[in-house]
Trainee: 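Below are the structure tokens for one structure; questions will follow.
Just the heavy atoms: all of them, side chains too, but no hydrogens, waters or symmetry mates, feed the values below. Note that ligands are numbered from 1 as they come in the structure, with each ligand's atoms numbered from 1 the same way.
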Amino acid sequence: MLATARAAQRLRAGSSLAAALPAAASALEASPLHPRPYSDAASFPYEPKDFLDISVARSRGVDVLHDPVFNKGTAHPLVERERLGLRGLLPPRVLTMEQQKARALDRYWHGQDYIDPSQIESGGVTHEHTRKWLYLQELQDRNETLFYRLLCEHFVEMAPIIYTPTVGWACMNYHKLYRRPRGMYFSANDRGEMASMVWNWPHKNVDAIVVTDGSRILGLGDLGTNGLGIPVGKLDLYVGAGGFNPGRVLPCVIDVGTNNELLRSEPWYMGLKQPRLRGDAYYEIVDEFVQAVMGRWPRAVLQFEDFNIEHAAPLLERYRYSHCVFNDDVQGTAATAVGGLYGAMAVAGKPASALADQRFVVLGAGSAGMGVVAMIAQSMVKQGLSPEEAASRFYVLDHHGLITQKREGLEAHVRPFARRDEQSQEKEAFVDVVRRVRPTALIGLAGAGRLFTPEALQLMAQYNERPIIMPMSNPTSKMECTHEEAQKYCEGRAIFASGSPQPDVEVDGKQCAASQANNMYIFPGLAMGAFLARGNIVTDGMLMAAAESLSYMITPEELAAGRVYPNMHKIREISLNVALETMKAAAEEGHLHNDVAIRELAKGDEYLRRYIQKHMYWPGYTNLQPPPPGYSD
Ligand SMILES: NC(=O)C1=CN([C@@H]2O[C@H](COP(=O)(O)OP(=O)(O)OC[C@H]3O[C@@H](n4cnc5c(N)ncnc54)[C@H](O)[C@@H]3O)[C@@H](O)[C@H]2O)C=CC1
Ligand SMILES: CC(=O)C(=O)O
Ligand SMILES: [Mg+2]
């Protein structure tokens, strides 16, 4: 019998109105997205009872959630979460059993079919990708060692599944795919409680935390608490690429609401169904979160991920001098772009100093775009240009057009790159800017899809022997052009690197190599270096050293093929090198406070490298023993 009908029957049978109405309302709210194939719901000679009896749970905290007898998943009410030490271990919104039933039946009846097929991107994410994501998720829940072993040994194949582009699909559908919690949820309703909530995390040690507020997930916009999929994916790379111990990493989401009305209307959305907090109320929540996690794990590296532009830079400034904090989108992306551009110089047969001769048209003046522009400019200054000369090499466009000095309300970090010349007009179209400026490189970080038009690409080929084309937006659907388009319109001469992976292509019988300009080249090694340095800071110098280390690792064969980054199957070695250079830069700046590392570095780089390597986790089975009395990990 449908729950609505049962509620009506209760009414007829004289049950109280109060008892009947909530059941009817929740059944409506939880109605499946697809029709049920048939209806054979059993009827009972009694009212089903929920929550009337008291049971004594066998355990507390996360163990309850892993115990199928007592686990209620998202239905644990708040008082029970408090009582059992579950607060923060579950998504903020409490679902009813009616809602859980509707979701379970939908999965039972329709498998994955209830997911809107339009959310499977053509050419980017396929059903094959989503099937693999689901399988790996299930494996990770069951046997982490095996999961990470597979990831380490098949990194190139699996990174696009656990990370961009497939993770974008997973985040859009996180509320439908949800099976069991991973990481911690902090919400606006937890004000005043976070310092105690962090103690519900079952592991004593945490070396790395990645946090998002879900406000700008890849180029997919505000995905609210669903955004947790990104910290989970990033930390998988911390382990697989960077060698962090999986038992010592913590993915987090701060739920201050969502402005995504579609998500708020979804019956199974698990976050707060309210508009986002803003202003002081927002900063109070983030401050409390930072104090809580840093209070319990003061040595941990904290990575801010996919915060929208309104908050990304202000939050970085707020914490970067007091904690070991970096913003991956601003700083990790910038270091990746600089590393890739040095690689591009090498591919073109030019010295590194030729970076100072490049002219850039950049689409996107957001956290990633301006971070990239600022760091390339910094590299140009290192190559001998004045800051003004360096700034004059950039033409930056956002959704209003070309950024000029006439633009009102420019932020301090954008102003130096606003065009001063008379020819530059805000209304000038992107392709006209390309025609006038004759750039050597195009960088896309707008998250708005195929903005590098055939015409613009053809112009790039006309002006340059080796045009540099970097559509860095994610996921694949948001990239500014595909590799195929770039090579087709650039006659196979493009030096190409994109944010999400792209296949190599053949043009006129010539093999053209695609590289992936993704911050995954930087953040795992940078975080490992910063963590082991114990300096409690991530400086610009450390980031620059990490960026520069990338191009040293490209082999002559990779360069000859046109790759601007070292091949990703060496990601462990790359991350090790990035960590090493990060620590050496920390030492030069007086931020290396790890005595053992200082001693090893004094003996030589190789000794420090070995020290880092020894710290890197490798997924293999160990001999297990029962815990001694009083042991905690
Ligand atoms: N490859 C990588 O490693 C990384 C890639 N990204 C990607 O970069 C993109 C942007 O990220 P954020 O800078 O954080 O976002 P954001 O929201 O801070 O900035 C987006 C910028 O693009 C501009 N824009 C939007 N539509 C445009 C249009 N039609 N023409 C010109 N400009 C337009 C906006 O005005 C804004 O300046 C996302 O797709 C993200 O996934 C971000 C970080 C790392
Ligand atoms: C890669 C990444 O961090 C982003 O697209 O936001
Ligand atoms: Mg990001």
Trainee: Has T336 got any heavy atom lying under 4.0 angstrom from an atom of ligand 1?
Mentor: no

Trainee: Judged by non-hydrogen atoms, does D329 sit under 4.0 Å from ligand 1?
Mentor: yes

Trainee: Side chains of S424 and R436: any donor to acceptor distance under 3.5 Å?
Mentor: yes

Trainee: For the residue pair T164 and S500, confirm or rule out a side-chain donor-acceptor distance under 3.5 Å.
Mentor: yes

Trainee: For A365, counting its heavy atoms only, list the atoms of ligand 1 lying under 4.0 Å from any of them.
Mentor: 21 (C), 36 (C), 37 (O)

Trainee: Within 45° of the axis and under 6.0 Å from the centre of the six-membered ring of Y395, does NZ or CZ of R419 qualify?
Mentor: yes

Trainee: Mark up the atoms of ligand 1 that fall under 4.0 Å of a heavy atom belonging to G447, in ascending order.
Mentor: 9 (C), 39 (O)

Trainee: Quick one: does ligand 2 sit under 4.0 Å from the side chain of D306, the backbone, both or neither, non-hydrogen atoms only?
Mentor: side chain

Trainee: Taking the basic N atoms (NZ, or NE/NH1/NH2) and the acidic carboxylate oxygens, is any pair closer than 4.0 Å for R563 and D504?
Mentor: yes

Trainee: Who's the nearest protein heavy-atom neighbour of atom 4 (C) of ligand 2, and how far?
Mentor: L218 CD2, 3.6 Å

Trainee: Got a salt bridge between E426 and R407, using NZ or NE/NH1/NH2 to carboxylate O under 4.0 Å?
Mentor: yes

Trainee: Is it the case that more than 12 heavy atoms not belonging to Q274 sit under 6.0 Å from its CD atom?
Mentor: yes

Trainee: Does a salt bridge link K234 with D306, judged by any charged N lying under 4.0 Å from a carboxylate O?
Mentor: no

Trainee: For atom 36 (C) of ligand 1, which of the options A448, P475, G366 provides the nearest non-hydrogen atom?
Mentor: G366

Trainee: For ligand 2, note which part of N518 has a heavy atom under 4.0 Å away: side chain, backbone, both or neither.
Mentor: side chain

Trainee: Where does F523 meet ligand 2, judged by heavy-atom distances below 4.0 Å: at the side chain, the backbone, both, or neither?
Mentor: neither

Trainee: So does E261 have more than 12 non-hydrogen atoms from other groups sitting under 6.0 Å from CD?
Mentor: no

Trainee: Is a salt bridge present between E558 and K570, judged by a nitrogen-to-oxygen distance below 4.0 Å?
Mentor: yes

Trainee: Considering only the protein, which heavy-atom contact is closest to atom 34 (C) of ligand 1, and what is its distance?
Mentor: H399 ND1, 3.5 Å

Trainee: Checking a contact table here: which protein heavy atom is nearest atom 6 (N) of ligand 1, and how many Å away?
Mentor: L445 CD2, 3.7 Å

Trainee: As an exercise, identify every atom of ligand 2 less than 4.0 angstrom from a heavy atom of K234.
Mentor: 1 (C), 2 (C), 3 (O)

Trainee: Counting each atom of ligand 2 from 1 as listed, which ones have a heavy atom of D329 under 4.0 Å away?
Mentor: 2 (C), 3 (O), 4 (C), 6 (O)

Trainee: Side chain, backbone, both or neither: which applies to K478 and ligand 1 if a contact is any heavy-atom pair less than 4.0 Å apart?
Mentor: neither

Trainee: Using a strict cut-off of 4.0 Å, indicate which atoms of ligand 1 neighbour a heavy atom of G499.
Mentor: 1 (N)

Trainee: Side-chain donor-acceptor pair under 3.5 Å between N519 and T333, yes or no?
Mentor: yes

Trainee: Heavy atom under 4.0 Å from ligand 2: found in E305's side chain, backbone, both, or neither?
Mentor: side chain

Trainee: How far is atom 5 (O) of ligand 2 from the closest protein heavy atom, and which atom is that?
Mentor: N474 ND2, 2.8 Å

Trainee: So for R216, does at least one of its heavy atoms come nearer than 4.0 angstrom to any atom of ligand 1?
Mentor: yes

Trainee: Determine whether the side chain, the backbone, both or neither of N519 has a heavy atom under 4.0 Å from any heavy atom of ligand 2.
Mentor: side chain

Trainee: Tell me which protein heavy atom sits closest to atom 13 (O) of ligand 1, plus the residue, atom name and distance to 0.1 Å.
Mentor: A368 N, 2.9 Å

Trainee: Taking 2.8 Å as the limit, list every protein N, O or S atom around the Mg ion (ligand 3), by chain and residue number.
Mentor: E305 OE2, D306 OD1, D329 OD1

Trainee: Check ligand 2 against Y163 and write out every atom of the ligand that is under 4.0 Å from a heavy-atom position of the residue.
Mentor: 1 (C)

Trainee: Is the count of non-hydrogen atoms from other residues, nucleotides or ligands lying under 6.0 Å from D421 atom CG greater than 12?
Mentor: yes

Trainee: Report, as yes or no, whether the 6.0 Å neighbourhood of atom CD on E422 holds more than 12 heavy atoms from other residues, nucleotides or ligands.
Mentor: no

Trainee: Need the ligand 2 atom indices (1-based, order shown) with element for anything under 4.0 Å from a heavy-atom of R216.
Mentor: 6 (O)

Trainee: Take atom CZ in R278; do more than 12 heavy atoms of anything else shown fall under 6.0 Å from it?
Mentor: no

